[in-house]
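Report on one structure; see the data block that follows.
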Amino acid sequence: MDAQLDDKTLENTLAESLADLVPDTKTVSEDEFVEVVGGALEAVGGTLLFKMCVQNEGEGQHVAAACVGDGGNRQFLLLTLPTGGGALKVETASRSSNPVAGIAAAYAELMDAFQAAA
């Protein structure tokens with residue numbers, strides 16, 4: 001990705017690529033979530049930073065943080081999918097109200113520091 005996309009364009013691009021990837025099952029396993037997220041990130045050249053399963057507003061939710069681009073053009077994404085099934089939600093971390101969103105940039109900076117030290 002050469003030019004930085006605005007947040008809404010990036011979210012829309014990912015949403016369009018997800019139509020055939022979301023599992024139809026009632027319960028979404030971690031492996032299914034990883035498969036869906038992998039397909040979505042492949043569509044935009046993104047990199048998975050981390051994934052976890054959390055409780056958010058009383059609902060189990062798979063959450064993944066990812067980044068697209070590098071250096072000053074790096075943007076952070078949050079991908080969420082209810083464990084009970086439903087639509088995969090993709091949003092830029094800067095627009096997300098999910099508490100996990102704030103961790104994405106800090107995690108990426110930590111990984112950058114580890115790579116620089118290695």
Side-chain angles (χ1 to χ4, degrees):
M1 180 178 295
D2 295 329
Q4 185 172 7
L5 297 174
D6 67 69
D7 290 353
K8 194 64 184 163
T9 302
L10 182 57
E11 290 172 6
N12 289 340
T13 300
L14 278 167
E16 289 169 10
S17 70
L18 296 174
D20 298 327
L21 296 174
V22 178
D24 293 329
T25 56
K26 297 256 188 232
T27 303
V28 180
S29 71
E30 185 175 354
D31 289 342
E32 288 171 319
F33 178 64
V34 168
E35 185 178 328
V36 170
V37 167
L41 293 177
E42 187 177 312
V44 294
T47 303
L48 178 67
L49 297 172
F50 62 85
K51 61 179 174 46
M52 62 179 66
C53 191
V54 298
Q55 288 290 317
N56 189 13
E57 297 179 6
E59 177 182 59
Q61 191 176 66
H62 294 289
V63 180
C67 65
V68 177
D70 55 19
N73 289 330
R74 184 161 57 178
Q75 291 175 281
F76 298 100
L77 303 171
L78 202 66
L79 301 93
T80 56
L81 183 65
T83 56
L88 179 68
K89 181 178 180 182
V90 180
E91 55 192 343
T92 55
S94 61
R95 290 168 47 106
S96 177
S97 61
N98 190 305
V100 177
I103 302 171
Y107 183 87
E109 289 173 14
L110 182 61
M111 292 299 102
D112 290 346
F114 282 150
Q115 286 180 343

Identify the two heavy atoms, one from [X] and one from [Y], that lie closest to each other, and give their separation to 0.1 Å.
X	Y	result
Leu78	Ser96	CD2-OG, 3.4 Å
Pro82	Val28	O-CG2, 3.8 Å
Ala66	Leu41	CB-CD2, 3.5 Å
Glu91	Lys89	OE1-CE, 3.5 Å
Thr83	Cys53	CG2-SG, 3.6 Å

Quick one: list whatever passes side-chain hydrogen bond (donor to acceptor under 3.5 Å, both in side chains) with [X], sequence neighbours left out.
X	answer
Glu42	none
Gln61	Asn56, Asn98
Asp70	none

Q. What residues, two or more places apart in sequence or in another chain, satisfy side-chain contact (heavy atoms from CB on, under 4.5 Å) together with Met52?
A. Phe50, Val54, Val63, Val100

(Q) Between Leu79 and Ile103, is there shared hydrophobic-cluster membership here, with clusters defined by ILVMFWY side-chain heavy atoms closer than 4.5 Å? (A) no

Q: Consider only side-chain heavy atoms of I, L, V, M, F, W and Y, link residues closer than 4.5 Å, and tell whether Leu48 and Leu81 are in one cluster.
A: yes

Q. Under 4.5 Å between any side-chain heavy atoms of Thr92 and Leu77, yes or no?
A. yes

Q. Do the side chains of His62 and Glu32 get nearer than 4.5 Å, heavy atoms only?
A. no

Q.
I'd like to know whether Leu88 forms a side chain to side chain contact (heavy atoms under 4.5 Å, CB included) with Phe33, so could you lay out the CA-CA distance, the side-chain angles of the two residues, the decisive distance to 0.1 Å, and finally the verdict.
A. CA-CA 9 Å; Leu88 179 68; Phe33 178 64; 4.0 Å; yes

Tabulate below the donor-acceptor pairs under 3.5 Å that side-chain atoms of residues 107-118 make, not counting sequence neighbours, or state none.
from	atom 1	to	atom 2	distance (Å)
Tyr107	OH	Leu49	O	3.4
Asp112	OD2	Arg74	NH1	3.3
Asp112	OD2	Arg74	NH2	2.7

(Q) According to salt bridge (charged side-chain N to carboxylate O under 4.0 Å, His left out), who are the partners of Glu59, at least two apart in sequence or on a separate chain? (A) none

